[in-house]
*Asks:* 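Let me begin by handing over the structure; questions about it come next.
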Amino acid sequence: MDSIFSSNSSSISCLKPRFLESSKSAITTSRNLSSSICFSAPTSDSGSDSAFSMIGFSRASMSNVNGNGNGNIKPKIVNGDFGYVLEDVPHLTDYIPDLPTYSNPLQDNPAYSVVKQYFVHVDDTVPQKIVVHKDGPRGIHFRRAGPRQKVYFESDEVHACIVTCGGLCPGLNTVIRELVCGLHHMYGVKRVLGIDGGYRGFYARNTINLTPKVVNDIHKRGGTILGTSRGGHDTAKIVDSIQDRGINQVYIIGGDGTQKGASVIFEEIRRRGLKVAVAGIPKTIDNDIPVIDKSFGFDTAVEEAQRAINAAHVEAESIENGIGLVKLMGRNSGFIAMYATLASRDVDCCLIPESPFYLEGEGGLFDYIEKRLKENGHMVIVIAEGAGQELLSQTIQSTQQDASGNKLLQDVGLWISQRIKDYFSKQKKMTINLKYIDPTYMIRAIPGNASDNVYCTLLAQSVVHGAMAGYTGFTSGLVNGRQTYIPFYRIIEKQNKVVITDRMWARLLSSTNQPSFWSAKDCIEDKKEDIAKVKEEEEPENRLMDNGNCASDIVAKKEVSYM
Ligand SMILES: Nc1ncnc2c1ncn2[C@@H]1O[C@H](COP(=O)(O)OP(=O)(O)OP(=O)(O)O)[C@@H](O)[C@H]1O
Ligand SMILES: O=P(O)(O)OC[C@H]1O[C@](O)(CO)[C@@H](O)[C@@H]1O
Ligand SMILES: [Mg+2]
């Protein structure tokens, strides 16, 4: 953290003494004040915008949104006609009745006042699934993100804070910048605090005052100017700190773990009855967050991975029996490896955690490598860091975890390089030249590319609009190309994974021509069960595919063809 602020950027380093404030000195007596707001049952006239009659809602159809204070807040579900379901996000008025509202200052903003229908219609929602059957139910929807006509905070009342947690990701600084600038320029919010070093920064580190001037150039740098960390999530201490500092909007940027942390912070804030909006911004280059189209930084990571794959290809094709092996990030989800492979077209084999593989025997990896080298003289392999872990664990046992409780993985790149070398030199007596490239941290420590920077801006502005409108306990993200507000529970209930019975993986297989590895006798059985489970969840039987077949037919055909 300090090193970032004392780095080359003179604009930041010269400001450091003024902007660093000790967490102790920031403590105020506001905790007593805010705890006098009583926790109460939700009113039927929730401040969340819902013109129920317009789309066939009835108030009776809205399920109980009351929190019980034990972390068991029920989902806020609204049922409409023809199987329409709105998975709504919580609102401050769910537990603080009679909150005053104010006109949205954007209506007087020259940049926006000319935009027709700038404010989002109260009943705008976005469907989760856009491919439907004519007789099928309308399905799950999420609230469309964007500015609302009335807001629940006055500009000078807002005291916001921003924290970044988990691993680095391209675009983090852009999100920070756009949160600060969005709050400042759109809503006239002057008090925005940066929390230093992840969740533990709330109670153990310094804070930084963030202004448009301080954040002006930060989107051009990789990393996060706020610093980040794993572990250190102490809910009570974090919420105490939020109360003590008089913070009333909390913006939390991070991956699946971070969003789980944000969810419990929201629950505790709600239990204490505080007028504090909690908003998550999903971050992960692994793209393992469900529901949303993709997470920011993912495109940049895939693009940067091309440089490593290109290098591996150049090395491999320049030497006899050359093998270029590239390890990419993705501990549970192989999206980076899959998209980097599809983008490159130079890759002969892509190995991901979701697709079990085996090394020896007919149809195995060694068999395929030998075949490719004989046909083509060289080959490129991309492997995600989480691939083949079940094979490694047969030889190397590890139960180590990082500070957040994530399982620490064995280095599959090094392991597989050695296995390939051993196999061809010892068993095949064949000379191969394997070059192993590990660019894992290089693909995430860079600034966001142009498209990610635009996405980061939309995300930041969306959460600012949401918090100002009184929504809380939500994450924002693109769903079918539209910005939405999604309740935390939907984001944290499971991880997004590559569905290897879906067509994207089929496209990859047909691009690389690699074996599916499905027919192996030694294919790990529990892995197969995992796949079946994902398949069940992700592939509703009646999902219509482009060619008119149902997903279930395709799965069945594919399984037959793999045997
Ligand atoms: N179940 C949980 N409850 C509360 N806090 C959590 C939980 N899981 C993780 N956290 C906290 O969230 C923060 C980030 O978690 P983690 O290290 O898993 O990264 P992440 O947000 O998943 O990002 P990424 O995996 O993309 O790097 C950590 O401070 C961790 O303590
Ligand atoms: O070494 P660190 O910082 O814990 O991060 C590594 C992990 O972070 C990620 O980039 C995101 O979760 C993973 O792909 C990777 O396993
Ligand atoms: Mg994670």
Side-chain angles (χ1 to χ4, degrees), residues 71 163-172 175 195-205 222-224 226-239 250 252-269 278 280-290 292 294-298 300-302 304-305 327-340 352-353 383-387 389 398 400-413 438-446 475 477 488-489 491-498:
V163 64
T164 51
C165 312
L168 293 183
C169 178
L172 276 168
V175 176
I195 306 295
D196 179 0
Y199 278 131
R200 62 166 58 94
F202 272 105
Y203 55 88
R205 302 290 286 271
T224 156
L226 300 178
T228 186
S229 63
R230 298 193 189 274
H233 187 285
D234 184 323
T235 314
K237 281 192 192 172
I238 291 169
V239 179
V250 185
I252 301 177
I253 313 169
D256 57 334
T258 304
Q259 303 303 314
K260 285 177 195 158
S263 179
V264 289
I265 290 172
F266 156 67
E267 285 176 19
E268 177 59 14
I269 282 174
V278 181
I281 299 109
K283 166 240 60 128
T284 163
I285 55 160
D286 290 358
N287 202 34
D288 57 8
I289 295 190
I292 60 175
K294 65 177 172 185
S295 45
F296 77 81
F298 175 70
T300 308
V302 169
E304 186 66 9
K327 184 180 79 170
L328 295 174
M329 278 191 172
R331 52 177 147 212
N332 300 312
S333 306
F335 288 103
I336 299 175
M338 177 169 81
Y339 276 82
I352 60 169
I383 187 161
E385 63 178 339
Q389 289 294 318
S398 169
Q400 284 183 320
Q401 295 181 335
D402 68 15
S404 296
N406 300 305
K407 192 176 166 213
L408 283 177
L409 302 179
Q410 306 291 334
D411 189 336
V412 71
D438 178 352
T440 44
Y441 290 100
M442 293 176 69
I443 67 168
R444 70 173 204 186
I446 52 174
T475 301
F488 278 141
Y489 70 88
I491 293 290
I492 61 182
E493 66 189 356
K494 62 177 180 183
Q495 278 186 318
N496 189 31
K497 303 223 183 202
V498 173

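In listed order, ligands and their atoms are each counted from 1. On a predicted model such as this, the values are computed, not experimentally measured, just so you know.
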*Asks:* Relative to the heavy atoms of G255, which atoms of ligand 1 are at a distance of less than 4.0 Å?
*Replies:* 20 (P), 21 (O), 22 (O), 23 (O)
*Asks:* Within the structure, does D402 bring an N/O atom to less than 3.5 angstrom of an N/O atom in ligand 2?
*Replies:* no
*Asks:* Which protein heavy atom lies closest to atom 4 (C) of ligand 1, and at what distance to 0.1 Å?
*Replies:* G261 CA, 3.5 Å
*Asks:* Is it the case that ligand 2 has an N or O less than 3.5 angstrom from some N or O of T284?
*Replies:* no
*Asks:* Looking only at protein heavy atoms, identify the closest one to atom 7 (C) of ligand 2 and say how far it is in Å.
*Replies:* R230 NH2, 3.6 Å
*Asks:* What are the two closest heavy atoms between S229 and R200, and how far apart are they?
*Replies:*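 For S229 versus R200, the nearest heavy atoms are CB-NH1, 3.4 Å.
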*Asks:* Decide yes or no on side-chain contact (heavy atoms from CB on, under 4.5 Å) for M329 and Y441, but give the supporting numbers first.
*Replies:* CA-CA 8 Å; M329 278 191 172; Y441 290 100; 3.7 Å; yes
*Asks:* Considering only heavy atoms of H233, which atoms of ligand 1 have at least one such atom less than 4.0 Å away?
*Replies:*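 Reading through ligand 1 atom by atom, the close ones are 4 (C), 5 (N), 31 (O).
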*Asks:* Return the option from R444, K260, K283, M329 holding the heavy atom at the smallest distance from atom 1 (N) of ligand 1.
*Replies:*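 Shortest heavy-atom distance from atom 1 (N) of ligand 1: K260.
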*Asks:* Looking only at protein heavy atoms, identify the closest one to atom 11 (C) of ligand 2 and say how far it is in Å.
*Replies:*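 The answer is D286 OD2, 3.6 Å.
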*Asks:* Would you check if D286 and N332 make a side-chain contact, meaning some heavy-atom pair closer than 4.5 Å?
*Replies:* no
*Asks:* How many angstroms lie between atom NZ of K294 and atom CD1 of I289, to the nearest 0.5 angstrom?
*Replies:* 14.5 Å
*Asks:* Would you call D286 a ligand 1 contact, heavy-atom distance under 4.0 Å?
*Replies:* no
*Asks:* How is the N/O/S atom of D256 that comes nearest to the Mg ion (ligand 3) named?
*Replies:*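 Within D256, restricted to N, O or S, the Mg ion (ligand 3) is closest to atom OD1.
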*Asks:* What atoms in ligand 1 come closer than 4.0 Å to a heavy atom of T284?
*Replies:* 26 (O)
*Asks:* Identify which of T258, D402, I289, I238 has a heavy atom lying nearest to atom 21 (O) of ligand 1.
*Replies:* T258
*Asks:* Does an N or O anywhere in G231 fall below 3.5 Å from an N or O of ligand 1?
*Replies:*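 The answer is yes, given that G231 and ligand 1 share an N or O pair closer than 3.5 Å.
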*Asks:* Within the structure, is a non-hydrogen atom of G330 found at a distance of less than 4.0 Å from ligand 2?
*Replies:*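 Under 4.0 Å: yes for G330.
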*Asks:* Return the closest protein heavy atom for atom 1 (O) of ligand 2 as residue, atom name and distance.
*Replies:*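 The answer is Y441 OH, 2.4 Å.
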*Asks:* Please write down residue, atom name and distance for the protein heavy atom closest to atom 30 (C) of ligand 1.
*Replies:*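 Among all protein heavy atoms, the one nearest atom 30 (C) of ligand 1 is S404 OG, 3.4 Å.
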*Asks:* Please work out which of C169, G257, S229 has its closest non-hydrogen atom nearest to atom 10 (N) of ligand 1.
*Replies:* G257
*Asks:* How close does the nearest protein non-hydrogen atom get to atom 22 (O) of ligand 1, and which residue and atom is it?
*Replies:*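 Of every protein heavy atom, D256 OD1, 2.5 Å lies nearest to atom 22 (O) of ligand 1.
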*Asks:* So if I count the atoms of ligand 2 from 1 in the order they appear, which ones are less than 4.0 Å from some heavy atom of M329?
*Replies:*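 Those qualifying, in numeric order: 9 (C), 10 (O), 14 (O).
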*Asks:* Relative to ligand 1, is R331 under 4.0 angstrom through side chain, backbone, both or neither, heavy atoms considered?
*Replies:* side chain
*Asks:* Tell me the protein heavy atom at minimum distance from atom 8 (O) of ligand 2, and give that distance in Å.
*Replies:* R444 NH1, 2.9 Å
*Asks:* When you measure from the Mg ion (ligand 3) to the N, O or S atoms of D286, does any of those distances fall below 2.8 Å?
*Replies:*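 No N, O or S atom of D286 is closer than 2.8 Å to the Mg ion (ligand 3), so no.
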*Asks:* I need the nearest protein heavy-atom contact for atom 15 (C) of ligand 2: residue, atom name and distance, please.
*Replies:* E385 OE2, 3.0 Å
*Asks:* Checking a contact table here: which protein heavy atom is nearest atom 19 (O) of ligand 1, and how many Å away?
*Replies:* R230 NH1, 3.1 Å
*Asks:* Any idea which protein heavy atom is nearest atom 27 (O) of ligand 1, and the distance to it?
*Replies:* G167 N, 2.7 Å
*Asks:* Would you say ligand 1 has an N or O under 3.5 Å from any N or O of N406?
*Replies:*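 So ligand 1 has an N or O lying under 3.5 Å from an N or O of N406.
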*Asks:* In terms of side-chain geometry, is the basic nitrogen of R331 or D288 positioned less than 4.0 Å from the acidic oxygen of its partner?
*Replies:* no
*Asks:* Can you see which heavy atom on A403 is nearest to which on R230, and at what distance?
*Replies:*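 What the structure gives for the nearest pair is CB-O, 3.6 Å.
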